[in-house]
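Worth saying up front: this structure is predicted, and the values here are computed from it rather than measured.
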Amino acid sequence: MRDYALGGLAGLWLADGIALLVAPSWTIDRVRDALRESPLILRWESVSVLAGLALTLLSIDFPYQPLWIIVGLSMAFKGIFLWLGPEHLRQTVMNWCLVREDVDYRIWGLTLCLLAVILLHALEWFPPA
């Protein structure tokens, strides 16, 4: 079950990363539209907290363990900030994140793809070379 949960997280990272690599403007425009139409979409930050804690706890005996601890705790802290942080500071951070250049989004997309591939490698889901 643990492998499937972490594999699902890797799949989400890969899908988001590819979307940001291929069409960063379109992807961010959809995020802006979703936030404009339903500001409560930010209640999804609890998913970030849970996924981050799950990554941190479920990857205890995995290869690249320090990486998973850093990434998992970063996800959890980001989710806690977006959930409980001061409204004006949250809004400032969200606005800053949504007005970046395409190259910035592509770097994040590449990072997400890289994390997904490394996690899938740690799960040994790739055939042996």
Query raised in the report: Taking only residues two or more places apart in sequence, or in another chain, which ones meet D3 in a side-chain hydrogen bond (donor to acceptor under 3.5 Å, both in side chains)?
Result: none
Query raised in the report: Does any pair with a residue in residues 111-123 pass salt bridge (Lys or Arg N to Asp or Glu O under 4.0 Å), and if so which ones, sequence neighbours excluded?
Result: none
Query - Interatomic distance, C113 atom SG to I118 atom CD1 [nearest 0.5 angstrom] - result: 11.5 Å
Report summary line: Tightest non-hydrogen contact, residues D29 and R32, listed as OD1-NH1, 2.6 Å
Report task. Begin with the C-alpha distance, continue with both residues' side-chain angles, and end with the deciding distance and a verdict on side chain to side chain contact (heavy atoms under 4.5 Å, CB included) for L114 and L110. Result -> CA-CA 6 Å; L114 178 65; L110 188 61; 5.7 Å; no
Query raised in the report: In terms of hydrophobic clusters joined by side-chain contacts under 4.5 Å, are L50 and F77 together?
Result: no
Requested in this report: Ignoring hydrogens and angles, tell me if any N or O in the side chain of Y105 forms a donor-acceptor pair with the backbone of R100 under 3.5 Å.
Outcome: yes
Query raised in the report: side-chain contact (heavy atoms from CB on, under 4.5 Å) with L84: which residues, sequence neighbours excluded?
Result: I80
Table please: side-chain donor-acceptor pairs of residues 4-25 below 3.5 Å, with sequence neighbours left out.
residue: S25; atom: OG; partner: D102; partner atom: OD1; Å: 2.8
residue: S25; atom: OG; partner: D102; partner atom: OD2; Å: 2.9

Query raised in the report: Which distance, rounded to the nearest 0.5 Å, do you find between the CG of L58 and the CE of M1?
Result: 10.0 Å
**Report entry** By side-chain contact (heavy atoms from CB on, under 4.5 Å) - contacts of V117 (at least two apart)
**Finding:** F126
Report task. Under the side chain to side chain contact (heavy atoms under 4.5 Å, CB included) rule, what do L89 and F81 come out as? Steps first, then yes or no, please. Result -> CA-CA 9 Å; L89 191 53; F81 169 75; 3.9 Å; yes
Report summary line: In this structure, CD of E87 is separated from CE of M94 (nearest 0.5 Å) by 10.5 Å
Report task. Kindly compute the distance separating CG (D33) from CZ (R30), expressed to the nearest 0.5 Å. Result -> 5.0 Å
Report summary line: CG of L55 to CD1 of I69, rounded to nearest 0.5 Å, is 9.5 Å
**Report entry** Partners meeting side-chain contact (heavy atoms from CB on, under 4.5 Å) with L57 (sequence neighbours left out)
**Finding:** none
Report task. Please name all residues satisfying side-chain hydrogen bond (donor to acceptor under 3.5 Å, both in side chains) with R106, sequence neighbours left out, ordered by chain then number. Result -> none
Report summary line: All heavy atoms of A51 vs all of M75, minimum pair found to be CB-CE, 3.6 Å
Query raised in the report: If you look only at pairs with a residue in residues 51-60, which of them pass as a side-chain hydrogen bond (donor to acceptor under 3.5 Å, both in side chains), with sequence neighbours excluded?
Result: none
Query - Listed partners of P66 passing side-chain contact (heavy atoms from CB on, under 4.5 Å), at least two apart - result: none
Report task. Sorted by first residue and then second, give each side-chain hydrogen bond (donor to acceptor under 3.5 Å, both in side chains) pair with at least one member in residues 62-71; sequence neighbours left out. Result -> Y64-H121
Query raised in the report: Could you give all pairs that pass the salt bridge (Lys or Arg N to Asp or Glu O under 4.0 Å) test and reach residues 58-79, with sequence neighbours left out?
Result: R2-D61
Query - Cluster overlap L112 with W125, hydrophobic side-chain contacts below 4.5 Å - result: yes
